Trainee: 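Here it is: the structure, laid out below.
Quick caveat: nothing in here was measured; it's all calculated off a predicted structure. What's counted below: heavy atoms across the whole structure, side chains too, no hydrogens, waters or symmetry copies.
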Amino acid sequence: MKKLKVLTDIEESYNELVHKVSWPTKSELANSTVVVMVASILMALVIWLVDLGINKMMHLIYGIA
């Protein structure tokens, strides 16, 4: 009896996940997490500063109190 394609796909996916994927170590994962957090904070600061600058310009241009 021939296996269903879905079952074959699931089996192949499992084998690839278990045998071919290289998982990061805890220290690599922690380092990557710190990098993402720092980059997110920097991007938030840049966006905040741009927003603040545009807000100031709009107040100057339109004379909003």
Side-chain angles (χ1 to χ4, degrees):
M1 186 159 122
K2 190 176 179 180
K3 276 189 181 179
L4 293 174
K5 177 149 176 40
V6 173
L7 293 177
T8 303
D9 289 345
I10 291 172
E11 183 179 345
E12 288 174 0
S13 296
Y14 174 78
N15 286 332
E16 184 173 343
L17 185 67
V18 172
H19 301 293
K20 294 182 181 178
V21 174
S22 65
W23 297 98
T25 63
K26 284 186 179 183
S27 63
E28 289 173 338
L29 192 60
N31 289 339
S32 296
T33 302
V34 169
V35 168
V36 169
M37 287 174 56
V38 168
S40 297
I41 290 169
L42 288 175
M43 287 302 297
L45 286 173
V46 167
I47 291 170
W48 177 70
L49 288 172
V50 168
D51 182 54
L52 189 63
I54 291 172
N55 190 22
K56 294 271 187 201
M57 283 184 0
M58 290 295 116
H59 279 90
L60 286 173
I61 291 171
Y62 293 113
I64 302 171

Trainee: What's the spacing between Met57 CE and Tyr62 OH if we round to 0.5 Å?
Mentor: 10.0 Å
Trainee: What distance do Ile61 atom CD1 and His59 atom NE2 have between them, rounded to the nearest 0.5 Å?
Mentor: 11.5 Å
Trainee: In the single-linkage hydrophobic clustering (I, L, V, M, F, W, Y; side-chain heavy atoms under 4.5 Å), do Val34 and Leu42 co-cluster?
Mentor: yes
Trainee: Consider side chain to side chain contact (heavy atoms under 4.5 Å, CB included). Of Ile47, Ile54, Leu52, which one does Val50 pass it with?
Mentor: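 The option that passes is Ile54.
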Trainee: Lys5 pairs by side chain to side chain contact (heavy atoms under 4.5 Å, CB included) with which of Leu7, Asp9, Thr8?
Mentor: Asp9
Trainee: Nearest 0.5 Å please: distance from the CD atom of Glu12 over to the NZ atom of Lys20.
Mentor: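 Interatomic distance, Glu12 CD to Lys20 NZ, rounded to 0.5 Å: 8.5 Å.
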Trainee: Nearest 0.5 Å, please: how far is CG in Asn55 from CG in Leu60?
Mentor: 10.0 Å
Trainee: Can you tell me how far the CG atom of Asn15 sits from the CD atom of Glu11, to the nearest 0.5 Å?
Mentor: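 Answer for the CG-CD pair, Asn15 versus Glu11, is 5.5 Å.
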Trainee: Are the side chain of Asn31 and the backbone N or O of Ser27 linked by a donor-acceptor pair below 3.5 Å?
Mentor: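 It does hold such a pair.
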Trainee: Going through the checks in order, is the side-chain contact (heavy atoms from CB on, under 4.5 Å) test met by Tyr14 and Ile10?
Mentor: CA-CA 6 Å; Tyr14 174 78; Ile10 291 172; 5.5 Å; no
